[in-house]
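Residue numbers start from 1 in every chain, and the chains themselves are labelled A, B, ... in the order their sequence lines are given, proteins ahead of strands.
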There are 4 protein chains.
Amino acid sequence: MNVHSANIGDLVTAPGKREEILRAALEVIAAQGFHGAPIAAIAEQAGVGAGTIYRYFENKDVLIRELFQEIRQRICAGLWEDYPAEAELPVRFTHLGAALLRHLISNPRDFQYLEQFHNSPYGVEFRRDRILGKGEDSDLCRGLLEEGLARQLVKELPLVVLFALAFGPIIAVARDHNLGFIELDEGLIKATVQACWDGIRK
Amino acid sequence: MNVHSANIGDLVTAPGKREEILRAALEVIAAQGFHGAPIAAIAEQAGVGAGTIYRYFENKDVLIRELFQEIRQRICAGLWEDYPAEAELPVRFTHLGAALLRHLISNPRDFQYLEQFHNSPYGVEFRRDRILGKGEDSDLCRGLLEEGLARQLVKELPLVVLFALAFGPIIAVARDHNLGFIELDEGLIKATVQACWDGIRK
Amino acid sequence: MNVHSANIGDLVTAPGKREEILRAALEVIAAQGFHGAPIAAIAEQAGVGAGTIYRYFENKDVLIRELFQEIRQRICAGLWEDYPAEAELPVRFTHLGAALLRHLISNPRDFQYLEQFHNSPYGVEFRRDRILGKGEDSDLCRGLLEEGLARQLVKELPLVVLFALAFGPIIAVARDHNLGFIELDEGLIKATVQACWDGIRK
Amino acid sequence: MNVHSANIGDLVTAPGKREEILRAALEVIAAQGFHGAPIAAIAEQAGVGAGTIYRYFENKDVLIRELFQEIRQRICAGLWEDYPAEAELPVRFTHLGAALLRHLISNPRDFQYLEQFHNSPYGVEFRRDRILGKGEDSDLCRGLLEEGLARQLVKELPLVVLFALAFGPIIAVARDHNLGFIELDEGLIKATVQACWDGIRK
DNA sequence: GATGAATGAGCGTTCATTCAT
DNA sequence: CATGAATGAACGCTCATTCAT
């Protein structure tokens, strides 16, 4: 019996406390960093008792990591929206890059959380799979780059390098946007992603 | 009365304790993150008593920040080595990019430290100037990109975006190298930096 | 949401922890001085964990100062008991002096605490108002001396000097009693206070 | 061989370091209290190395206590100056009281030190002999009061109580002077001491 | 199930004391 | 002798976690 599942038929189920806690954790951590986010602060933000958190998450590590996974899910989900599966490779690439960039700048707390997460006690073991690590999203991107390689549309470089060339600038530019160094509009998003393509195309 | 300076020619003088402590802090923090780097652990790694650290650094924050500045100095210094000031712009750019990338992968602890630092309570105020922030190094890079803009050799994009395109992949690829996802050799370094140029050039 | 209040009539409620901590602090500090009264010692004496103290007092300074105020309140309260507001001035004076002296010797820990407090890092700012500083108690005493001055019953000396003459011996004798140099009985109390009056009266 | 004694015949003996250290300790402690007077601060004020202090005093406790004794000596010495040994008892008493009060207000650091000392880790065991405890000074005062008792000039009260009546106000008024609550001039000094006599005389 | 008061290990920091120079 | 760099025990305080209610 999973305590977190809402019983079907239970018409007065409050919005899950689990979700409330995750939301609160995201809010506090994005705003204050992992320091400044003691369990007590998260509990207060969530409007629950501190002890309650431990009914939904084994411990703080688990909470932090599950939040990480949720955020990654959200990002992945966005990438598939309106994906022009039948279009030319460059079109698909720029669609993907732009979708990713748009998500990162319209969900600054998600992005801030990810950045906080990776260099924290909690995220060390996830260091290796940054944004776009494993799972569908990665498959999508990797597939795309592999196709480019196979069809000799992109430079003959290791996949890892192509990944860096393709998405490194997107993440860097999203950070700059979040820090207020630049205001990205649709034009700049497109131009940036296009430039990424220029970097990897043959 | 500078207690920290080692007398030149005094061969019996142990390498300065200050340096020993900085080295130890770098080692511990790069390996364990800021968590897992209590003063006691740094002191042990340095082979000194905990109290000794406070003779050289006002407090932990200062130690952490001075180490940050030292590392940045080291990186900056490397960029100027053999810099072909008279060469064509693309040559200068690729020299710079390759020098940076080489430093990041040959000094993995420096790199890991920088990454840890920026998303930590200590580094919040430095968030904005990631690797290559202010100072000579940044001037060097910015000057180069500005020259490219003025001479219409690079895309007409905001400087911030050009920065992201030029150095985002380098940092991403350095991280992958450090994590063991790829073994960068001189050929790959050159190719990566060249691809960065492809991303920004007109 | 006052967590410290004990519900009246709730017989099962243990005496408030806050009071327990204050009691423990008084005990330890009166006995050992402020040195020898680390938080851990106070916590042990109170039978609580060290961290618990911080649920009731923001920090050690606050604990120490609140205890000071509580003790002062206790003393003040005693002065008004059976106060013969309508009696002659000398009667009122001796009532007051005797009440004070009785309190100081029957509550030796209160007295010892006050003495410790005033010459401690915590009490510096209260240095000026020793025992009988501000508030009702002081008003009571001052009013009495001022009345004496106005009615030419006491010497024409600055109020400060009259205070010293009136209460200096009382405090000195209380200390001697506490240190075991003398056993004050009701006769000696009366005689001492009478002698104080002799010192100030015209 | 006492390291502290200046060798007779050693014509270039610097003013004793021991005295320098005691002077420095008095200065720092009177100004900052015992907190804020770490050995390092005393050493700096004295212009010697921290380790040097341990050549003159076994440890900090000893330093603090020897300073206490020195100050008491100084005060005692002053009491005998111009002592009118042949005069009437009240004259001798007021001479003594006035001399004491004058010393306390003209040597505020001595007085502040004494006050700090008695309620400190170092002074606990001296608590009982306040100012005027043992030794000549006390003998002088006690003798005087005993004489008064024998000759039925002062009230028939225990010596301890007479002490409190005689000197309690003097110390209280000296404190007020030091704290700036009153400016004692020769007239007030005389009046205060006279009032003390009024308190004890039959 | 939900709570939040209680806990105590662990942190950063100070400072009396030692001892190699 | 004098020094002051080095030490580490001890402090005040935080916060993840538990558990009685």
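Between A:His35 atom NE2 and F:dC13 atom P there is a gap of 21 Å when expressed in whole angstrom units. C:Glu20 places its CD atom 16 Å from the C1' atom of E:dA5, with the value rounded to the nearest Å. As a whole-Å value, the separation of C:Leu63 CG from F:dC13 C1' is 13 Å. Straight-line distance from the CD1 atom of A:Ile64 to the C1' atom of F:dC15: 13 Å, rounded to whole Å. Between the CZ atom of D:Arg18 and the C1' atom of F:dA2 there is a distance of 18 Å, given to the nearest Å. Between the CZ atom of A:Phe57 and the P atom of F:dA16 there is a distance of 15 Å, given to the nearest Å. Atom P of nucleotide F:dG12 and atom CD1 of C:Ile29 are separated by 10 Å, given to the nearest angstrom. Atom C1' of nucleotide F:dT7 and atom CD of B:Glu44 are separated by 15 Å, given to the nearest angstrom.
The closest side-chain heavy-atom distance from C:Tyr56 to C:Val62 is not below 4.5 Å.
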Pairing annotation in dot-bracket form, given for DNA chain E with Watson-Crick or G-U pairs under 3.5 Å and | for cross-strand partners: .||||||||||||||||||||

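Contact between the side-chain N/O atoms of C:Lys17 and the OP1/OP2 oxygens of E:dA5 is not found at any separation under 4.0 Å. Close to E:dG1, at under 4.0 Å from its OP1 or OP2, lies a side-chain N or O of A:Arg55. Close to F:dA2, at under 4.0 Å from its OP1 or OP2, lies a side-chain N or O of D:Tyr56.
Atom CD1 of D:Ile21 is separated from atom OH of D:Tyr54 by 11.0 Å, given to the nearest 0.5 angstrom. Here CZ of D:Arg109 is found 9.5 Å from CD1 of D:Ile71. Values are rounded to the nearest 0.5 Å. With rounding to the nearest 0.5 angstrom, the CD atom of C:Gln112 is 11.0 Å from the CG atom of C:Asn107.
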Under 4.0 Å protein heavy-atom contact, by nucleotide of nucleotides 13-21 of chain E - B base, S sugar-phosphate only: BBSSBB---

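The local environment of CD in B:Glu44 is sparse, with at most 12 non-hydrogen atoms from other residues, nucleotides or ligands closer than 6.0 Å.
Ring pair B:Phe34/B:Tyr122 is tilted by interplanar angle, where 30° to 60° counts as tilted.
When the side chain to side chain contact (heavy atoms under 4.5 Å, CB included) test is applied to D:Glu70, the partners found at least two apart in sequence or on another chain are D:Arg18, D:Leu22, D:Arg74.
A salt bridge links B:Glu20 with B:Arg23: the distance from a Lys NZ or Arg NE/NH1/NH2 to an Asp or Glu carboxylate oxygen falls below 4.0 Å.
Screening C:Val48, C:Leu26, C:Ile53 against C:Ile42 for a side-chain contact (heavy atoms from CB on, under 4.5 Å) leaves a single residue, C:Ile53.
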